[in-house]
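Let me begin by presenting the structure, written as structure tokens, before commenting on it.
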Amino acid sequence: MSHVIGIDLGTTYSCVAYLEGGEPRVIPNLEGLPTTPSVVSFTQSGEELVGNLALRQAITNPSNTVSAIKRLLGKKFDSPEVQGVMKKIPYTLTAAKNGDVMVLVEDRAITPQEISAKILAYLKKCAEAYFGETISQAVVTVPAHFDDHQRQATKDAARIAGLNVMRVINEPTSASLAYGLDKKINQTIAVYDIGGGTFDITLMEINDGIFHALATNGNTFLGGEDFDNRIVEWVTEDFSKEHSVDLAEDKLALQRIKEAAEKAKRELSFTIESEINLPFICTDESASKHIQKMLTRKKLEELTGDLIEKTFPFIEQALTDAGSSPDKIDEIILVGGQSRMPLIKKKIAEFFQKEPVEHLNPDEIVAMGACIQSSILQGNMTDLVVLLDVTPLSLGIETENGRFTKIIEKNSTIPTKKTMAFTTVEANQRRVRVHVLQGEDDFAEHNISLAVFDLVGIALAPAGVPRIDVSFEIDADGLVRVSASDVSTGRSQNIEVKSSSGLTPEEVNKIIKRSADADEEADIDEHA
Ligand code: AMP
């Protein structure tokens with residue numbers, strides 16, 4: 001059997017790993033580097049670049065260079081999150097027919113799934129070059145707080161990339177596997193995961209090889225990008241005051257400032273000041289203008305301190321949900337590049353009254369855990385390792401007066417299944433509508449609509465007589481499935497599904513075919 005790889009598809013960087021002799025190892029990309037920028041660029045000559053090559057295009061070709069696509073996976077164009085992101089990115093977004101967000105490259109609208117697929121296909125190619133064989137199976141990680149749409153979109157992206165996803169696993173859970181596997185420990189750990197775009201906190205109990213998630217919480221729109229944006233705002237506001245020039249509309253200048261901001265932010269994890277030096281940032285009638293500013297660690301902390309504070313209510317909620325408290329946590333694992341920021345480490349240490357574990361590489365640990373999970377799934381782990389994860393959001397249906405009735409509570413161990421009985425309210429009613437949602441609000445409209453299911457072809461009967469059992473299931477990937485059976489006849493009940501978001505299986509197949517055709521054409525061109 002060919003190798004199965006573990007992929008951490010990150011907002012800003014991605015990483016791929018495999019297991020060798022029971023040890024997780026990172027597979028270098030085609031440039032020999034352990035992580036790859038999650039960036040895709042579409043050049044004027046029709047080329048598609050991924051990773052560092054794409055990142056290099058960001059300054060000269062900003063409107064066709066797509067970064068942080070993970071923030072848009074499974075999202076609606078109109079959502080406040082997407083509308084917020086839209087103001088800060090150099091590429092253009094548009095709405096699909098079903099309201100999903102899409103990226104506009106030249107005059108072509110591309111789904112976030114397809115763009116993510118290009119990153120995944122590149123990582124697949126790196127692994128294939130490394131092993132000299134075709135790779136078709138992977139475990140892919142997602143932020144723990146990803147909802148059903150975001151998980152499904154990730155899985156579709158992998159399918160488009162030619163990967164069969166053995167399992168979708170939560171990033172913090174994956175990190176805990178990599179941390180705890182060889183230690184034979186009995187501990188409760190907190191995994192604080194802050195990457196480029198998302199924040200998650202997960203509390204895990206590790207007991208004799210059983211990894212049991214107790215609770216998870218987080219925000220899929222809080223991450224390193226927000227820290228970068230604060231620096232960008234600081235630089236542009238000062239520039240505007242000094243020169244009366246607004247750089248907000250200058251995509252090229254903004255991209256240069258953003259890159260310099262991110263670089264300075266990284267440096268400030270190890271130094272106390274860093275210079276942002278951008279000559280010829282713009283020119284007006286009088287002269288060329290330059291940016292030369294010193295950013296100190298103190299100033300960075302001032303600009304971003306509230307973003308760090310925003311993570312603590314999520315930690316408190318997760319502790320409450322797990323019936324735990326800071327003093328009951330044995331170790332804190334930091335995951336995601338942004339967790340290198342000294343103020344985050346300090347605040348975490350203060351909160352838990354304990355220093356976080358230092359020796360782990362926050363960029364690689366998630367991919368490493370994913371390849372361990374792939375090995376568990378293949379039955380290759382000699383020691384007993386059991387992974388019990390939880391669902392991050394409650395699942396339920398819309399009931400009278402637009403209320404939301406929970407069927408499966410958040411933090412329930414997955415896979416899980418609950419059945420509810422439905423009946424008709426009118427004589428000879430042939431269909432019953434079920435609106436399925438995810439979230440915590442008491443009202444349906446404030447939660448995430450997953451799909452509307454119509455139970456159709458119900459046998460003619462007086463009101464209240466038919467009994468249809470509807471099963472709501474969350475599988476090991478955290479994905480929702482609904483099935484129904486007519487109790488009176490014992491037959492499975494037909495369901496018509498109208499998904500609120502995402503690609504249909506037919507659309508995924510069409511995209512796969514289109515990209516296979518494009519590959520074939522490219523091959524012909526190459527050999528012509
Ligand atoms: P990830 O999604 O885990 O790859 O995390 C990427 C995020 O971590 C980006 O926002 C980076 O800017 C940030 N990051 C990486 N290294 C550092 C560092 N040394 N200090 C602060 N942030 C960092």
Side-chain angles (χ1 to χ4, degrees), residues 6-17 26 29 33-39 51-52 55 58 67-73 85 88-89 116 119 123 140-146 154 170-172 174-175 178 191-202 218-232 255 257-274 276 295-297 299-301 303-305 307-308 311 333-348 356 358 360-370:
I7 298 180
D8 169 12
L9 178 64
T11 308
T12 39
Y13 286 88
S14 294
C15 184
V16 51
V26 168
N29 66 17
L33 301 167
T35 59
T36 298
S38 305
V39 182
N52 282 303
L55 189 59
S67 57
I69 193 65
K70 184 167 160 181
R71 290 189 142 187
L72 306 179
L73 268 178
V85 161
K88 294 174 186 141
I89 51 174
S116 304
I119 302 164
L123 299 173
V140 181
T141 65
V142 293
H145 218 65
F146 254 21
T154 306
N170 292 335
E171 286 160 10
S174 186
V191 184
Y192 182 99
D193 181 358
I194 186 153
T198 58
F199 165 70
D200 279 324
I201 177 78
T202 297
N219 184 339
T220 53
F221 273 78
L222 177 60
E225 291 263 325
D226 301 298
F227 289 67
D228 303 346
N229 288 335
R230 289 290 172 82
I231 306 172
V232 173
Q255 186 58 36
I257 300 170
K258 193 162 186 330
E259 279 188 20
E262 200 251 358
K263 187 165 160 279
K265 177 191 75 174
R266 284 174 181 252
E267 275 177 21
L268 289 172
S269 292
F270 308 101
T271 59
I272 53 159
E273 55 181 31
S274 171
I276 297 179
L295 179 62
T296 60
R297 185 185 284 180
K299 183 70 191 172
L300 173 67
E301 293 177 352
L303 293 171
T304 59
L307 297 173
I308 300 173
T311 64
I333 314 295
L334 298 180
V335 180
Q338 188 59 48
S339 71
R340 287 203 177 89
M341 186 177 181
L343 186 61
I344 292 186
K345 293 185 188 175
K346 182 168 167 258
K347 293 278 176 187
I348 288 289
E358 275 289 349
L360 304 168
N361 183 334
D363 301 325
E364 298 177 359
I365 188 167
V366 171
M368 287 181 166

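Reckoned from all heavy atoms, side chains included, excluding hydrogens, waters and symmetry mates. Order of listing sets the numbers, starting from 1, for every ligand and every atom in it.
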message = For E225, is there an ion pair with K258 - N to carboxylate O distance below 4.0 angstrom?
response = yes

Residues that S116 engages under side-chain contact (heavy atoms from CB on, under 4.5 Å), provided they are two or more places apart = L9, I69, L73, A157

message = Taking E171 first and then K70, would you say they form a salt bridge - that is, a charged N and a carboxylate O separated by under 4.0 Å?
response = yes

Residues forming a salt bridge (charged side-chain N to carboxylate O under 4.0 Å, His left out) with E273, sequence neighbours excluded = none

key: Identity of the nearest option to atom 7 (C) of ligand 1, non-hydrogen atoms only, from G196, S339, P37   = G196

task = Considering the heavy atoms of G336, write down every atom of ligand 1 situated less than 4.0 Å from one of them.
result = 3 (O)

note = The atoms of ligand 1 lying under 4.0 Å from a heavy atom of T12, numbered in the order shown, are 1 (P), 2 (O), 4 (O), 5 (O), 6 (C), 7 (C), 9 (C)

ask   = Between D193 and D200, is there a donor-acceptor pair closer than 3.5 Å when you use the side chain of the first and the backbone of the second?
value = no

key: Per-atom contacts of ligand 1 with R340, taking only distances under 4.0 Å to non-hydrogen atoms   = 16 (N), 18 (C), 19 (N), 20 (N)

key: K88 bridged to D228 by N-O distance under 4.0 Å   = no

ask   = Could K263 and E259 be called an ion pair, given the rule that one side-chain N must be under 4.0 Å from one carboxylate O?
value = no

message = Tell me the contacting part of E262 for ligand 1: side chain, backbone, both, or neither, using a 4.0 Å heavy-atom threshold, strictly below.
response = side chain

task = Look at atom 15 (C) of ligand 1 and find which of E171, R266, K263 reaches it with the closest heavy atom.
result = R266

remark   = Closest to atom 20 (N) of ligand 1 (heavy atoms only, candidates S269, S38, C15) is S269

request  = Answer with side chain, backbone, both or neither: which part of F227 has a heavy atom less than 4.0 angstrom from an atom of ligand 1?
outcome  = neither

message = Out of all atoms in ligand 1, which are within 4.0 Å of some heavy atom of G224? Include the element for each.
response = 10 (O)

